[in-house]
Novice: 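I have a structure here, written as structure tokens, and I will follow up with some questions on it.
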Amino acid sequence: MARYDPAEIEPRWQAAWEAAGSFAARHDPDRPKYYVLEMFPYPSGRIHMGHVRNYTMGDVVARYRMARGHAVLHPMGWDAFGLPAENAAMERGGHPAEWTYANIADMRDQMKPLGLSIDWSREFATCDPEYYGQQQAMFLDFLEAGLAYRKAATVNWDPVEMTVLANEQVVDGKGWRSGAEVERRELTQWFLRISDMSEELLEALDGLENWPDKVRTMQKNWIGKSRGLQFAFSTVGAPEGFDRLEVYSTRPDTLWGATFAAISPDHPLARHLERHDPAVAAFTAECRRTGTSEAALETAEKVGLDTGLRVRHPFDEARELPLWIANFILMDYGTGAIFGCPAHDQRDLDFARKYDLDVIDVFESLKEPAPVADIAFVPPKTEPVRYVRGFAGPEVQTGAEAVEAAIEFCESRGVGQGVTRYRLRDWGISRQRYWGCPIPVVHCPTCGVVPEKKENLPVALPMDVSFDQPGNPLERHPAWRQTVCPKCGGAATRETDTMDTFVDSSWYFARFTAPRAATPTDPAEADYWMNVDQYIGGVEHAILHLLYSRFFARAMVQTGHLPAKCREPFAALFTQGMVTHEIYQTRGDRGRPVYHLPEEVENGRLKSGGAPVEVIPSAKMSKSKKNVVDPVNIVRDFGADTARWFILSDSPPERDVEWTAAGAEAAFRHLGRVWRLAADLDAAPESGNPEADISLRRAAHRAIRDVTDGIEGFAFNKAVAALYTLTNALREAEGAGRGCRAEAVRIMAQLMAPMVPHLAEEAWQLAGGAGLVAATSWPEADPALLTEATVTLPIQINGKRRSEIAVAREADRAAIEAAVMADPAVQKVLAGATPKKLIVVPGRIVNVVV
RNA sequence: GCCCGAGUGGCGGAACGGUAGACGCAGGGGACUCAAAAUCCUCCGCCGCAAGGCGUGCGAGUUCGACUCUCGCCUCGGGCACCA
């Protein structure tokens, strides 16, 4: 007997789609367009289950929208610049380009058998000179528009390798290869003025209604708008030029609790002091031996050094506070100087206790007033508290009120002014690396920094480079740097910094609308296809990638590369969860863990040798833990449809999904049953009994409703469950006739086409459908088939379910009440008395309160 | 350290503030088979013979009614600006 054979079915239908040109995006002004985009992959060389999940979800949306009559754009490309290619070149020789393009070819070959509805004619990689040349053209426009500039910024410097390290390459404050203590070092670097758009990027978040709230919240917090007071302390004993010290505080209401002032080790005053005082120099040098990441700075032990200088309290000239240098003050935020109020800030309190500084309470709790001991009193700003050392406003007020009152009071006395600040910093895009988009400017000894001419673009990366030593090969290339000044024609050198790879991924979505255009975008194409209607990717990109893209879209609008409607390029965002798997380990020498691939393990034992394995609970699939399942093997063993079906079933898309071998096999068995339902249609009786027919039709139409709701609501697990229910109905519909069954199978084929497209085509054909199911319109549910005449109403007594009654769907309240009172369980409890309350929610529930 | 999430049977999960556990996996029992696979039937939150009781990470609260709302915890995960 014939069996479900995906190895035969899947290539056949992929060829059919190809022949029909089913997935070519066609600019059709007469049809509504729909742009589905999954975050494009980094070409590591192997696709993993996370990719399968991401692209399957996008494929469901894309195929569903096609069936809904949209002109769909569903492209794919490669985020191809970045560190791993350089690391590969260092470790095994060869050129990053060679490694990258070979990986792209491999990954494309792994992806195509998944049967995704991608328009491959639009594919590109960000390392294509054609792409990054257009990026350079935009950079020049940004530069001219004042959106790009240079300033000094700190980097992680490895003093042994003499190279800049990425945060990821700094492990416990040491270089990952050299093990040398990392130093912070200042370099002049290129920046994009994202901070100028802080307010706009913040306000526009409200309009992103189809983004997850959590992503909007994260971006809001990242932008970090704050209202505070900026004022200057006058200093005592400070060197010339430092007689005033500007500080910023979001809690000026605690000014009377200030017991010290502190500056960043990178503050100009600290830098001045270190030149004259060896103790200060030693301390600031120590502070700089930390990575540049905020997590590293925040988790480092809080240390400080008393400069011996003092500042005067602005409202009491006689009161002097010690001035410290402290490692937790960030030069990038505010003015790089603060006043410390230990009573109402835990970090300040820890610092004060450590260095024996005073703690002065400013306000206390209304409920249980007590002086601060080891835990700072930091109530929500909305909670009213009693000010014992307030200086503006009433004695009892909230923190928020007190802050505003303090700002007003200080301004009226000429002590500082209220200011609005943002945590968001300008975007540093300089990277001292080879494998990135060269920044197209020239350094001329006479003209300074000069933009390259657009006709000279792309400034292409030289191919004759070596990676046998650390550092940027562009710096030591014998000829590449040498060029002529575009302005004066004299000898000049090229910029050797390349761009952050986040730049590459900040506009690829726009390039997909016209991937071969001679300019970064084509206005007509961008106008038709933009914006992205549904963007899908990992939540790990919630802040940086998405915020940079939002900024870039605005910058592109400003420089004429996108129409004005593109300021928010992603109309809807969906963030998917990870794919996880159990970890299998045995113990090697001295108890060290040895990890094993899932395919090496069977029934809790190693296939070879039979040693028992420890099972560690699921975690994100990672090569180092070997808890990875290669999609290529799954497709080979079960077919793409099984991989797609499993990855969509069970877990809601936004949550993590656990891959299990049993689940994959079960998915395969289910698809086999579905195939058999279609293949065995001929065995059904020519005509069935009317009751079975109508009940099957009802089941099919309920499935239309439920699958449609599931897809529209991004609850693919629920759509899958509805399809299981329909399959069960078909299997149980013994009395239904052949025609009715075939109709149900065709509906099932249409409903499952977005998820398991190959099997859907096969079932469609077996059930007598004409043409490709990929070319049919989405079925409509008949409302008449969705409603039942009677409903079952649960009866609660005091909130606990005790009984149920069947009533007509249209039954009114009085009829329901009568039926409830007649119910034996109710009568037993009431014993003749009247209920205290009778709550009737028609169609839902009844609650009798006695 | 800071910001954001998530916690429901043995497992993945379902549930406009209204019958907790849809649908599936695993498992038990049975049919078919020389046997196995496949397939089919059936049981399946926990305690209890039963009546019944208890159950959505923990502790309070709001409500006729809380997985769902509020507050306080615990655990796990994501991000923290040079990983992508």
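When reading the values below, keep in mind they use all heavy atoms of this one structure, side chains included, and skip hydrogens, waters and symmetry mates. Per chain, numbering begins at 1; letters A, B, ... match sequence-line order.
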Novice: In the structure shown, which nucleotide is the Watson-Crick or G-U wobble counterpart of B/U75, with both distances under 3.5 Å?
Specialist: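 Check on B/U75: paired to B/A6, both distances under 3.5 Å.
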Novice: Please report the distance separating the C1' of B/G10 from the corresponding atom of B/C46, rounded so that it comes out in whole Å.
Specialist: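 Straight-line distance between the two C1' atoms is 12 Å.
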Novice: Scan A/Q796 against the nucleic acid and name what it touches under 4.0 Å (heavy atoms): base, sugar-phosphate only, or nothing.
Specialist: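 Base contact - A/Q796 has a heavy atom under 4.0 Å of at least one base atom.
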Novice: Grab the CG-C1' distance between A/L730 and B/C40 for me, whole Å please.
Specialist: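 Atom CG in A/L730 sits about 17 Å away from atom C1' in B/C40.
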Novice: Which nucleotide sits closest to the side chain of A/Y548: B/A20, B/A84, B/C82?
Specialist: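 Of the candidates, B/C82 comes closest.
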Novice: Could you check whether A/R802 gets within reach of a base, just the sugar-phosphate, or nothing at all, counting any heavy atom under 4.0 Å?
Specialist: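 Sugar-phosphate: the residue A/R802, judged by heavy atoms under 4.0 Å, touches backbone atoms but no base.
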Novice: If you count heavy atoms of other groups shown closer than 6.0 angstrom to CD of A/E91, is the number above 12?
Specialist: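 Check passes, neighbour count above 12.
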Novice: Syn or anti for B/G9, taking syn as within 90° of 0?
Specialist: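 B/G9: syn glycosidic orientation.
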Novice: Which base, if any, makes a Watson-Crick or G-U wobble pair with B/G45, both distances under 3.5 Å?
Specialist: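 Result: B/C54.
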Novice: Could you tell me whether the side chain of A/Q189 has a donor or acceptor atom within less than 3.5 Å of a complementary atom in the base of B/C82?
Specialist: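 Counting by modelled atom types and ignoring angles, a donor-acceptor contact under 3.5 Å is found here.
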Novice: Taking the C1' atom of each, how far is B/G24 from B/A31, in whole Å?
Specialist: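 So the two C1' atoms sit 24 Å from each other.
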Novice: Which base sits across from B/A26 as a Watson-Crick or G-U pair, both distances under 3.5 Å?
Specialist: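 Its partner: none found.
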Novice: In whole angstrom, give the distance that lies between atom CD1 of A/I845 and atom C1' of B/A15.
Specialist: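 In whole Å, B/A15 C1' and A/I845 CD1 are 12 Å from each other.
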Novice: Grab the CE-C1' distance between A/M578 and B/G5 for me, whole Å please.
Specialist: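 Rounded to whole Å, this separation is 12 Å.
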Novice: Distance between the P atoms of B/G59 and B/C54, in whole angstroms?
Specialist: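 The answer is 15 Å between these two P atoms.
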Novice: I'd like to know if A/R184 pairs up with A/D266 as an ion pair, taking the criterion as any Lys NZ or Arg NE/NH1/NH2 lying under 4.0 Å from an Asp or Glu carboxylate oxygen.
Specialist: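 Salt bridge flag = yes for A/D266 with A/R184.
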Novice: Heavy-atom count around A/M162 CE within 6.0 Å, excluding the residue itself: above 12?
Specialist: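 12 or below, so no.
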Novice: So what does A/H541 hit on the nucleic acid, given a heavy-atom distance under 4.0 Å: a base, only sugar-phosphate, or nothing?
Specialist: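 The answer is base, as A/H541 lies within the cut-off (heavy atoms under 4.0 Å) of a base atom.
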Novice: Base, sugar-phosphate, or nothing for A/S430, non-hydrogen atoms under 4.0 angstrom?
Specialist: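 Base contact - A/S430 has a heavy atom under 4.0 Å of at least one base atom.
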Novice: In whole angstrom, what separates A/R216's CZ from B/C4's P?
Specialist: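 To the nearest whole Å, that distance equals 15 Å.
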Novice: Whether the side chain of A/N847 and the base of B/C64 hold a donor-acceptor pair under 3.5 Å is what I'd like checked.
Specialist: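 Between B/C64 and A/N847, which were checked side chain against base, a qualifying N/O pair under 3.5 Å is present.
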Novice: Using the P atom as the point on both nucleotides, what is the distance between B/G18 and B/A14, in whole Å?
Specialist: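 Their P atoms lie roughly 16 Å apart.
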Novice: Residues two or more places apart in sequence or in another chain: which of them pass side chain to side chain donor-acceptor pair (under 3.5 Å) with A/Y4?
Specialist: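 Listed in chain order: nothing, the list is empty.
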Novice: Closest approach to the side chain of A/E804, judged atom by atom: which nucleotide of B/G24, B/C80, B/U19 is it?
Specialist: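 The listed nucleotide nearest to A/E804's side chain is B/U19.
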Novice: Ring-plane angle category for A/W507 and A/Y131, please: parallel below 30°, perpendicular beyond 60°, tilted otherwise.
Specialist: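 Parallel: the ring planes of A/W507 and A/Y131 meet at under 30°.
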Novice: If the P atom of B/U75 is compared with that of B/C67, how far apart are they to the nearest Å?
Specialist: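 Their P atoms lie roughly 24 Å apart.
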Novice: By nearest atom, which of the nucleotides B/G65, B/G13, B/C82 is closest to the A/A166 side chain?
Specialist: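 Closest of the options to the side chain of A/A166: B/C82.
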Novice: How long is the span from the CZ atom in A/R216 to the CG atom in A/L573, to the nearest 0.5 Å?
Specialist: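 Between atom CZ of A/R216 and atom CG of A/L573 there are 10.5 Å.
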Novice: Does A/P652 reach a base, just sugar-phosphate, or nothing at all? Heavy atoms under 4.0 Å.
Specialist: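 Here A/P652 touches the backbone only, sparing every base.
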Novice: In terms of side-chain heavy atoms of A/V841, which of B/C16, B/A14, B/A38 is nearest?
Specialist: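 Per side-chain heavy atoms of A/V841, the pick is B/C16.
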Novice: Scan A/R347 against the nucleic acid and name what it touches under 4.0 Å (heavy atoms): base, sugar-phosphate only, or nothing.
Specialist: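 Contact class for A/R347: none.
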Novice: If you count the non-hydrogen atoms of other residues, nucleotides and ligands that lie under 6.0 Å from NZ in A/K220, is the total more than 12?
Specialist: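 No.
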Novice: Which nucleotide, if any, forms a Watson-Crick or G-U wobble pair with B/A31, using both distances under 3.5 Å?
Specialist: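 When the pairing criteria are applied, B/U39 turns out to be the nucleotide that pairs with B/A31.
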Novice: From the list B/A22, B/C82, B/A84, which nucleotide is the closest neighbour of the side chain of A/V164?
Specialist: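 So the nucleotide nearest the side chain must be B/C82.
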Novice: Taking B/G21 as the reference, what is the distance to B/G9 when you measure between their P atoms (whole Å, please)?
Specialist: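 Rounded to whole Å, the distance is 14 Å.
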Novice: Between A/T299 and A/R731, which residue's closest nucleotide on RNA chain B lies nearer the 5′ terminus?
Specialist: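 The residue mapped nearer the 5' terminus is A/T299.
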Novice: Please determine whether any donor N or O and acceptor N or O are separated by less than 3.5 Å between the side chain of A/Q432 and the base of B/C82.
Specialist: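 Donor-acceptor pair under 3.5 Å: yes.
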Novice: Let me know the distance between CG of A/L838 and P of B/G65, rounded to the nearest Å.
Specialist: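 To the nearest whole Å, that distance equals 15 Å.
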Novice: Mind checking if A/A542 touches a base, just sugar-phosphate, or nothing, with heavy atoms under 4.0 Å?
Specialist: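 Nothing, no nucleic acid heavy atom in range.
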Novice: What integer number of Å spans the C1' atoms of B/G45 and B/C41?
Specialist: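 Comparing C1' positions in B/G45 and B/C41 gives a spacing of 23 Å.
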Novice: Go nucleotide by nucleotide along RNA chain B from the 5' end; which of A/E732 and A/S651 gets its closest nucleotide reached first?
Specialist: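 Looking at RNA chain B, the more 5' nearest nucleotide goes with A/S651.
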Novice: Do A/F638 and A/F646 pass the ring pair (Phe, Tyr, Trp, His ring centres under 6.0 Å) test, and can you show the C-alpha distance, the side-chain angles, and the key distance before you say yes or no?
Specialist: CA-CA 11 Å; A/F638 300 108; A/F646 179 80; 9.9 Å; no
Novice: My understanding is that a pair needs two contacts under 3.5 Å, Watson-Crick or G-U wobble. By that rule, which nucleotide pairs with B/G1?
Specialist: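 WC or wobble partner is B/C80.
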Novice: Starting at atom NZ of A/K718, determine the distance to atom C1' of B/G24, rounded to an integer number of angstrom.
Specialist: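 In whole Å, B/G24 C1' and A/K718 NZ are 15 Å from each other.
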Novice: Passes salt bridge (charged side-chain N to carboxylate O under 4.0 Å, His left out), A/E186 versus A/R288? Steps please.
Specialist: CA-CA 11 Å; A/E186 283 211 327; A/R288 284 181 199 118; over 6 Å; no
Novice: Picking from B/C82, B/C25, B/C80, which would you name as closest to the side chain of A/N167?
Specialist: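 The listed nucleotide nearest to A/N167's side chain is B/C82.
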Novice: If we call it a pair only when both distances are under 3.5 Å in a Watson-Crick or G-U wobble match, what pairs with B/U63?
Specialist: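 WC or wobble partner does not exist here.
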Novice: Heavy atoms from C-beta onward define the side chain here; which of B/A38, B/C82, B/C83 lies closest to that of A/L83?
Specialist: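 Closest nucleotide among those given: B/C83.
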Novice: Rounded to the nearest Å, what distance is computed from the CZ atom of residue A/R673 to the P atom of nucleotide B/A38?
Specialist: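 From A/R673 CZ to B/A38 P: 11 Å.
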Novice: Distance check, P atoms only: B/G17 and B/C69, in whole angstrom units.
Specialist: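 Pairwise P distance, B/G17 against B/C69, rounds to 8 Å.
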Novice: For A/Y535 and A/Y508, take the angle between the two ring planes, folded into 0 to 90°, and tell me which bin it lands in: parallel under 30, tilted 30 to 60, perpendicular over 60.
Specialist: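 Tilted, since the angle between the ring planes falls between 30° and 60°.
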Novice: Near RNA chain B, under 4.0 Å by heavy atom, which residues of residues 702-714 of chain A?
Specialist: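 Output list: empty, so none.
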Novice: Which pairs of donor and acceptor atoms, one on a side chain in residues 660-670 of chain A, lie under 3.5 Å apart (sequence neighbours left out)?
Specialist:
residue : atom : partner : partner atom : Å
A/T660  : OG1  : A/G663  : N            : 3.0

Novice: In whole Å, I'd like the distance from the CZ atom of A/F81 to the C1' atom of B/C82.
Specialist: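 A/F81 atom CZ is separated from B/C82 atom C1' by 16 Å.
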Novice: For A/H545 and A/H541, take the angle between the two ring planes, folded into 0 to 90°, and tell me which bin it lands in: parallel under 30, tilted 30 to 60, perpendicular over 60.
Specialist: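 A/H545 vs A/H541 ring planes: perpendicular.
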Novice: So what does A/V155 hit on the nucleic acid, given a heavy-atom distance under 4.0 Å: a base, only sugar-phosphate, or nothing?
Specialist: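 Here A/V155 touches the bases of the nucleic acid.
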Novice: So what does A/L424 hit on the nucleic acid, given a heavy-atom distance under 4.0 Å: a base, only sugar-phosphate, or nothing?
Specialist: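 Touches a base.
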